[in-house]
2 protein chains.
Amino acid sequence: MKISAQEEYGLRCLVQLADLPEGESLTLPQIAEREGISTANAGKLMWLLNRAGFVHSTRGTKGGYLLARPASEIRLSEIIRVLDDDEMAKHCDNYTGVLDSCVHKGDCGIRPVIIGLHEIVADALSNITLSHLVGSESSVDATFHKIQGIHRTLESQRA
Amino acid sequence: MKISAQEEYGLRCLVQLADLPEGESLTLPQIAEREGISTANAGKLMWLLNRAGFVHSTRGTKGGYLLARPASEIRLSEIIRVLDDDEMAKHCDNYTGVLDSCVHKGDCGIRPVIIGLHEIVADALSNITLSHLVGSESSVDATFHKIQGIHRTLESQRA
DNA sequence: GCAAAACGTTACTTTTTTGTCAAGATTGAC
DNA sequence: GTCAATCTTGACAAAAAAGTAACGTTTTGC
């Protein structure tokens, strides 16, 4: 269970934009340099993020990228879903071995665990927004654990 | 964020062994057939699982594989850690772009989220054992949610 | 002993994922 | 209007993951 390169770098590019003063934008070369990736690679990532509606781009001299919505309104769960190509929906169609369909098509003891796991992850990520990620490592860490704590308490009250 | 083929199929092979009557074992061709994968592939997976100490193998005619420990004592968190090649420990060494080390080496707002996410997943998986996975899909689903519910309640009480 | 059935190990091939390149399109400045 | 800076897009190349093949070792049964 891991984060793909696309998820990691895509998220980082968005954080760079979220960390900008109101109204400012970044060009591809600037984003690439700040994240230590090639301009070509940054270009592809930003294309994905633009297509998904997370950023707005302007062409020509003085062009660049900026967030399409306030950072506080963009949840990590949305971002990951896009960068991950909605992998979860296809899980059971992918792992079919040498056959056309999974041998556990009818009844599968693993499926509920996989689905449940993704629910837990999506749930945790839906409570974190881009604006939560712009601070220092220690402050983000504190925020994350606070959010998780609150969330779990609400969960168990509901149950 | 997704499960790799190695994790998925490796876990499934273990579930097959967990579903066996006490003392019985399965050969590679049997495991392969039951999971719809090639014998060669099953062989590689079982080699990994044997090396990690989850199963015992016996060679020669009448040989085969069986669990090294009771299914109720093997937690999914251990299994995933092995099949995933302990990916988490290397996260920050992997995503360095074109550079030798990650540009966020010093202070990184994303790291606590990645680490926290893996903690949440490992936490959820540590409460599920192989024996939980042998029933029907609906019973496993019920068990999973029950375990998660109990766990979250304890978590929030502690907090 | 020897052949058949089974696991063990390493090297190789294929497929998927990542990352790069190059040509095109759009805009602003002069 | 031309030029330079910038994003867009599809094709291509490199790297990683997944899967296969080949050959070896061990055990059982005859």
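Lettering follows sequence order; numbering is per chain, from 1.
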### Message
Does dT8(D) have its OP1 or OP2 closer than 4.0 Å to a side-chain nitrogen or oxygen of Asn50(A)?
### Response
yes
### Summary
Comparing nearest nucleotides in DNA chain C, the 5'-proximal residue of the pair Tyr95(B), Pro29(B) is Pro29(B)
### Summary
To the nearest angstrom, the CG-P distance between Leu45(A) and dT17(C) comes to 16 Å
### Side-chain touch Val82(A)/Phe54(A), heavy atoms, less than 4.5 angstrom
yes
### Task
Taking only the side-chain nitrogens and oxygens of Thr27(A), find out if one of them lies under 4.0 Å from OP1 or OP2 of dA5(D).
no
### Task
Starting from C1' on dA17(D), measure out to CD1 on Ile3(A) and report it in whole angstrom.
18 Å
### Which nucleotide in dC7(D), dG8(C), dG28(C) has an atom nearest any side-chain atom of Arg59(B)
dG8(C)
### Query
Among dA18(D), dT26(C), dT20(D), which is the nearest nucleotide to the side chain of Val98(A)?
dT20(D)
### Query
dT8(D) phosphate, OP1 or OP2: any side-chain N/O from Tyr65(A) under 4.0 angstrom?
yes
### Query
Would you say dT9(D) has OP1 or OP2 under 4.0 Å from some side-chain N or O of Trp47(A)?
yes
### Query
Between atom CG in Leu28(A) and atom C1' in dG24(C), what is the gap in whole Å?
15 Å
### Task
Run through the side-chain heavy atoms of Ile, Leu, Val, Met, Phe, Trp and Tyr, join any pair under 4.5 Å, and report what else lands in Val98(A)'s cluster.
Leu99(A), Val103(A)
### Query
Which one, dG19(C), dC7(C), dT27(D), comes nearest to the side chain of Thr61(B)?
dT27(D)
### Query
For Ser38(A) and dT20(C), is the shortest distance between a side-chain N/O and OP1 or OP2 below 4.0 Å?
yes
### Query
Between Ala5(B) and Ser57(A), which is nearer to the 5' end of DNA chain D once each is assigned its nearest nucleotide?
Ser57(A)
### Query
Hey, is the side chain of Lys44(A) pairing donor to acceptor with the base of dG19(C) inside 3.5 Å?
yes
### Summary
Out of dA18(D), dT18(C), dG8(C), minimum distance to the side chain of Gln6(A) belongs to dT18(C)
### side chain to side chain donor-acceptor pair (under 3.5 Å) partner of His104(A), chosen from Arg34(B), Glu35(B), Glu137(B)
Glu35(B)
### Query
Among dT18(C), dT8(D), dT20(C), which is the nearest nucleotide to the side chain of Ser4(A)?
dT18(C)
#### Entry: Spacing of Glu8(B) atom CD relative to dA17(D) atom P, expressed in whole Å
18 Å
## Note on the structure
The reported gap from CG in Leu67(A) to CD in Glu73(A) (rounded to nearest 0.5 angstrom) is 11.0 Å
### Query
Rounded to whole angstroms, how far apart are CG on Asn41(B) and C1' on dC12(C)?
15 Å
### Message
Consider side-chain contact (heavy atoms from CB on, under 4.5 Å). Of Leu11(A), Leu133(A), Thr143(A), which one does Val113(B) pass it with?
### Response
Leu133(A)
### Query
What does Gly43(A) touch in the nucleic acid at a heavy-atom separation under 4.0 angstrom: a base, only the sugar-phosphate, or nothing?
nothing
